[in-house]
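Written out below as structure tokens is the structure these notes cover.
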Amino acid sequence: MKKIFSGFKDEQDGAIAIEACISLTLFLIVMIALYSVIQVFTVQSMISHAMQEACQSMALENYNQSMFKTGTLQQIPSKVFDWISGGHRENFSTSADFSWKGMFSSLQSTTEMEQTETSNAKKRFAAYLNGGTEDADGLLQNYGVVGGLDGISFAGTEKSGTDMTIQVSYKVRLLFYIEMFHFGEFESTQTVCCRLWK
């Protein structure tokens, strides 16, 4: 009788060990998946915030200087300058896109202007993300963005009509990445559009 009960006890111990292995494995898989989801949402949230700030600051550059037309003390320097120059000066307040960069835009080709806007968007994005290019690159690599700051493509950045658009594409490498099958890389594209200030 003791032999029967001892054999039954050994079988129960083996079943408990197998159940523990299966449940622990499933628990670890669920935890890794949860961590990966949190990682992706964190990266998307950080990048989205930095994109919005960069886009708004670039849209602000186009601010029309029509504020000088208001009936305040701001008119005094303008009136004095008009009086000194005899009233013959270019009225920049009617220009929808006055900036020093805009004065020389006719000398640049379209592709050069797009490259300038892309590099400008990238610099501002890095500044708003973590204070500078090197710090932003380190932060992105810590969160699993493939290539860091250089791995983010700003190819969709453009200024068209009354809108400023920043579009970025990047890949996030998750915790369970398998290089042989490229399994565990999450590709994402985010777009932010701001109305240009007039």
The reported gap from CD in Q56 to CD in Q52 (rounded to nearest 0.5 angstrom) is 6.5 Å
On a heavy-atom basis, which atom in A121 and which in A54 lie closest, and how many Å separate them? O-CB, 4.4 Å
Taking the side chain as C-beta and beyond, is there a heavy-atom pair between L196 and M58 under 4.5 Å? no
Hydrophobic cluster membership, I32 vs V43, 4.5 Å side-chain cutoff: yes
Quick one: which residue pairs count as a side chain to side chain donor-acceptor pair (under 3.5 Å) with a foot in residues 17-39, not counting sequence neighbours? none
Say whether I38 and F27 are linked into one hydrophobic cluster, either directly or through other cluster members, by side-chain heavy-atom distances under 4.5 angstrom. yes
In Å, rounded to the nearest 0.5 Å, how long is the span from CE of M164 to CD of E158? 8.5 Å
Which atom pair, heavy atoms only, marks the closest approach of Q190 to I47? OE1-CG2, 3.7 Å
Nearest 0.5 Å, please: how far is OG1 in T157 from CD in Q167? 8.0 Å
Could you walk me through whether R195 and D163 satisfy the side-chain contact (heavy atoms from CB on, under 4.5 Å) test, starting with their C-alpha distance in whole Å, then the side-chain angles of each, then the deciding distance to 0.1 Å, before giving a yes or no? CA-CA 5 Å; R195 185 59 57 96; D163 295 330; 3.0 Å; yes
Quick one: does D150's side chain get under 4.5 Å of K122's, heavy atoms only? yes
From CD1 (I29) to CG (L34), nearest 0.5 Å: 13.5 Å
Mind jotting down which residue pairs meet the salt bridge (Lys or Arg N to Asp or Glu O under 4.0 Å) criterion with at least one end in residues 35-51? Sequence neighbours excluded, please. none
Donor-acceptor pairs are to be reported for all side-chain atoms of residues 124-147 against protein atoms at under 3.5 Å, with residues two or more places apart or in another chain.
{"unit_1": "R124", "atom_1": "NE", "unit_2": "N120", "atom_2": "OD1", "d": "3.0"}
{"unit_1": "R124", "atom_1": "NH1", "unit_2": "S57", "atom_2": "O", "d": "3.3"}
{"unit_1": "R124", "atom_1": "NH1", "unit_2": "S57", "atom_2": "OG", "d": "2.9"}
{"unit_1": "R124", "atom_1": "NH2", "unit_2": "E61", "atom_2": "OE2", "d": "2.2"}
{"unit_1": "N130", "atom_1": "ND2", "unit_2": "D135", "atom_2": "O", "d": "3.1"}
{"unit_1": "D137", "atom_1": "OD1", "unit_2": "L149", "atom_2": "N", "d": "2.8"}
{"unit_1": "N142", "atom_1": "ND2", "unit_2": "G138", "atom_2": "O", "d": "3.3"}

